[in-house]
Each structure stands twice: as structure tokens, then as C-alpha cells.
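Here's the structure we're looking at; comments come further down.
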Amino acid sequence: MTSISKYSTARTMIMALAVLFFLGPLPFNSANAAPPDELKRGRYIFNLAGCAGCHTIKKSSNGFLAGGRKFETEFGTFFSPNITSHTNAGIGRWTFDDFTRAMRDGISPDGKNYYPSFPYTSYNKMSDDDLSALWAYIKTIPANDRANTPHDLESPFSWRFLISIWKIPNFDQKSLMPVEGKSEAWMRGRYIAEALSHCRECHTPRNIMGGLALAMDYGGTNSNPEGIVVPNITSDRETGIGKWSVGDLDMLLKMGMLPDADFVGGVMAESVTHSTSKMTDGDRAAVIEYLGSLKPVDNYIKRKNKGNSDESWQ
Amino acid sequence: MRRLFLSVIAIAFGFSMFSMSGSAQAQDAATEQAIKYRKSVMTAVRGNFGAMVGIMKGAGNKADLTTHADALVDLSKIASTVFPEGSDFGETTALPVIWEKPEEFAKSMKAFQDAAANLATVAQGGDMAAFGKAFGATGATCKGCHEDFREKKEKRGKK
């Protein structure tokens with residue numbers, strides 16, 4: 001009896017060890033299965049893409065990616081969702097296919113269209129490798145049970161099915177083909193600016209449909225859907241940044257300082273914090289090379305700081 | 001004595017009548033001046049900050065870094081007085097959250113003051129590598145505050 005039970009315990013242990021041997025370390029958190037290199041790369045993509053800023057309430061210490069950040073637009077108020085690994089409150093049940101469909105097609109696992117306030121119109125240009133590294137990283141985000149806040153939109157904007165119509169002219173997934181005569185750095189810069197850091201989502205004005213007015217690409221706007229003034233960053237010398245040096249752009253993307261020693265604020269400062277300041281030197285240089293090549297657009301944007309120079313003390 | 005007392009009352013009364021009739025305008029004018037003063041102070045902050053960039057890039061005299069850093073310390077103290085309650089409308093890029101979350105704003109201001117004080121101390125030492133680092137840290141406090149509290153937005157009616 002004792003010998004048998006001893007024997008069976010030993011057998012169980014051997015079997016358990018064998019199972020462990022085949023499975024590798026226990027998948028406490030299945031995401032940890034991704035090789036560390038891929039996680040590191042995923043985290044870099046995550047930073048450049050600026051996911052944290054939109055999916056985290058500013059300054060909340062324990063809500064990382066738990067959503068709830070408010071975006072007040074002319075269409076109504078959007079709230080970002082929880083994208084932590086929580087199985088109910090977050091996206092813990094999602095598969096890689098679900099994630100790919102959200103990022104590439106702007107469609108949720110249950111088949112609904114996402115509003116383009118989630119900039120999948122840029123992320124759909126992400127490479128397969130970057131998308132899978134990003135997913136590996138996102139899965140490691142600790143679960144948070146914060147429940148999603150429903151958007152507060154006025155009809156017809158609250159009708160999600162209308163987005164499919166919107167998508168027809170505004171959804172272009174094939175625009176990042178190589179361009180003849182352009183350097184590797186230029187192509188890398190374009191990829192970062194357009195697929196990851198989504199500079200265009202803010203810096204290109206929108207048409208009445210809320211789509212990007214590509215004839216004015218990167219030409220800025222005096223009022224985006226949130227009412228924010230966004231400068232013209234084309235190479236136009238009068239209304240854009242055509243007079244800026246490479247060093248000026250480097251300072252801006254690295255620390256947020258403008259050529260006149262003012263500092264950007266609001267959403268651009270967030271882009272610097274989350275995204276551009278975290279770029280490698282090579283990637284930042286690539287973005288700068290790409291920016292320098294943008295077709296000049298003549299579009300005057302109100303200056304942010306007028307100082308007192310054109311007003312007098314009365 | 002009694003006459004003096006009466007005339008003080010009369011003056012005070014007259015003054016209050018005056019200020020009552022003109023109060024709305026007076027307040028608008030005061031807000032406007034407050035905003036202009038704030039922008040001038042911030043422009044002076046930028047002036048000294050930019051001057052240090054110039055010196056680091058080889059212009060002027062290294063010895064003058066201390067002058068600009070000291071000026072920044074003084075200006076950082078003044079900066080905490082240029083955001084009076086109610087100065088969030090008109091020609092301003094200051095966001096209302098400054099007055100909605102005063103503790104957070106104060107924290108941001110304190111970070112700037114501490115960074116400027118440290119920059120001035122490091123400037124005394126003359127070690128350029130250390131100065132560059134302290135300078136970057138000061139710039140991070142400018143960006144930090146502008147990120148949360150400053151944005152150029154079109155004014156829209158409250159919903």
C-alpha cells in the first residue's frame with residue numbers, strides 16, 4: 001500500500017515534470033511566452049504609436065490603458081475604452097485576429113465599425129511584424145477592471161453603421177508603397193509619421209465628411225474637431241516650417257522646444273512625451289528627412305503666441 | 001474729526017457707487033491686463049531660456065549663463081503670481097484646468113522653480129556637461145506645464 005502510493009506519487013511527479021518539460025515554463029501569463037526581444041520591440045511600437053496617451057486618463061496613477069479619457073469634439077464626446085488584459089472590462093479575451101481586424105479594418109470582434117477617433121486610419125499601414133510585436137506587448141498590460149464609459153454622441157454621428165459609408169472614400173490602406181528615388185531613411189520616416197506616430201491625423205485638415213483633405217496634406221488647421229489650432233508643418237516658407245533647420249526639428253521632437261525657445265503645449269506636447277522623444281536618433285532623423293520633403297501648402301494658421309508685440313498696453 | 005469721518009464715508013460710498021457701475025468693465029480690463037502681464041512674464045522666461053541656448057551654441061559669453069539662469073529663478077517666482085482666478089478668457093492659451101485643479105498646477109509650477117534654482121546653482125560651477133543636463137531638466141518642466149495647462153483652442157460656447 002505504502003509502496004504503491006509512493007510509487008504513484010513518484011510517477012505523478014515524473015509525469016508532471018515531463019509535461020513541464022514539453023510545455024516549457026508555466027504560462028502564468030500567456031503573454032510572457034513572447035521572446036523578450038519581441039516585447040521590447042512591441043513596446044517601442046507602442047510608444048511611437050502613442051497608444052498610452054489616448055487610453056489613459058491624464059495623471060491617473062493606476063489607470064494605465066484603462067481608458068476613460070474624454071475627447072470633446074463637434075460630433076459629441078468620445079471616451080477611450082479599456083484595453084488592458086482584463087477579460088470583461090478590457091480586451092483580455094481578444095485573439096490576435098481580433099486585434100488585427102480592429103487595427104487594420106476598424107472593426108470590432110462583434111462586427112461593429114469603430115469611429116475614426118481611434119486612428120486606425122493610420123495604424124492600418126503598420127507592418128505585420130510591428131503589429132504582432134505590438135500585440136505581444138499589449139497582452140502583458142496588467143488587467144484593470146475600469147468599466148467603459150459609453151460615448152455621448154448626437155445622431156447621426158451616433159449611428160455606427162454610417163461609418164461604413166464614411167470609410168469608402170476615407171480609408172486607404174495601400175498608400176505606403178516604395179517610392180522610386182527615395183532613400184531608406186525617407187521611407188522609414190514616412191512609415192513612422194504615417195503608420196505609427198499618426199502626425200497626419202492632426203496636421204492634415206479635414207473635409208466636411210471628417211476625412212483627411214489630402215490636397216492640403218500636413219497644412220494644419222485653425223480648428224480641428226476638438227477646436228484645437230494645429231500648425232502647418234509643410235515646407236512652405238511663409239506659412240509652414242520651411243525655414244526651420246534640422247536642428248530646430250530635432251529639438252522639437254526630442255524635448256518639445258520651438259525655435260524661439262517657447263514650448264509646445266497640449267496634444268503636441270503629449271506626442272513629444274509619449275512618442276517623438278522616445279524615438280531612436282536614427283528614427284528621429286528619418287522623420288525629419290521625411291518632413292523636409294513635404295509638398296509646400298500655403299495655409300496661414302493663427303500664431304499661438306502673439307506676445308504683446310501687436311497689441312499695446314492701454 | 002467727525003467731519004473727516006463723514007467725508008471718508010462719503011468718499012467710500014461714492015467710490016463704491018463708481019465701482020459698482022463700472023465693475024463689469026473694470027473687471028474685463030483687469031483680466032486683460034493680467035493676461036498681458038502673464039504673457040510678458042512668459043516672454044521674458046523664453047528670452048532668458050533662449051539666450052542660454054544661444055550661449056551653449058557658442059554665441060556671447062559663457063560667463064553670462066549665470067545672469068540668465070539667475071533671471072530665470074526670479075521669473076519662476078513671479079510666474080506663480082501671474083495666474084489670478086478668472087483670467088481664463090480673452091486672448092489666452094491658458095486652459096481652465098489651471099483653476100480647476102490648483103494643486104496640480106502648483107505642483108507643476110514648483111517643479112519649474114526647483115529646476116530653475118538647480119540650473120542657477122549648476123551654472124555657478126561652470127561644468128558645461130552638467131549645465132546641459134540641468135538645462136534639459138528645466139526644459140522638461142516647461143513642456144510638462146504646457147502639456148497639461150496650455151493649448152491654443154478655438155473658443156466655443158459651453159455645451
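A quick note: this is a predicted structure, and the numbers were derived from the prediction, not measured. Reminder, nothing fancy here: chain letters follow the sequence lines and each chain counts from 1.
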### Summary
For B:Asp148, the salt bridge (Lys or Arg N to Asp or Glu O under 4.0 Å) test, sequence neighbours excluded, returns A:Lys58, A:Lys59

### Query
Does A:Ile228 reach the side chain of B:Glu154, with side-chain heavy atoms less than 4.5 Å apart?
no

### Message
Can you tell me if A:Lys302 has over 12 outside heavy atoms packed within less than 6.0 Å of its NZ?
### Response
yes

### Query
Where on A:Thr273 is there a heavy atom nearer than 4.5 Å to chain B: the side chain, the backbone, both, or neither?
both

### Message
Under a 4.5 Å cutoff for heavy-atom pairs, which residue among B:Met52, B:Glu147, B:Met42, B:Glu104 has the most contacts with chain A?
### Response
B:Glu147

### Query
When you look at CZ of A:Arg43, are more than 12 heavy atoms from neighbouring residues, nucleotides or ligands closer to it than 6.0 Å?
no

### Pick from B:Gly50, B:Gly139, B:Gly144 with the largest number of heavy-atom pairs that fall under 4.5 Å of chain A
B:Gly139

### Message
Between A:Asp262 and B:Lys143, does any NZ, NE, NH1 or NH2 come within less than 4.0 Å of an OD or OE carboxylate oxygen?
### Response
no

### Message
Apply side-chain contact (heavy atoms from CB on, under 4.5 Å) to residues A:Phe263 and B:Arg150 and explain how you reach the verdict.
### Response
CA-CA 10 Å; A:Phe263 279 76; B:Arg150 179 184 182 213; 5.8 Å; no

### Query
Considering residues, nucleotides and ligands other than B:Lys107, do more than 12 of their heavy atoms fall under 6.0 Å from its NZ?
no

### Message
Is there a side-chain contact (heavy atoms from CB on, under 4.5 Å) between B:Lys153 and A:Val229? Walk through the geometry before answering.
### Response
CA-CA 6 Å; B:Lys153 283 184 104 160; A:Val229 178; over 6 Å; no

### Query
Between A:Asn222, A:Asp260, A:Val267, which shows the greatest number of heavy-atom pairs under 4.5 Å with chain B?
A:Asp260

### Task
Report the option among A:Met268, A:Glu270, A:Met255 that has the most heavy-atom pairs separated by less than 4.5 Å from atoms of chain B.
A:Glu270

### Query
Say you draw a straight line from CD1 of A:Ile301 to NZ of B:Lys152; how long is it, rounded to the nearest 0.5 Å?
11.0 Å

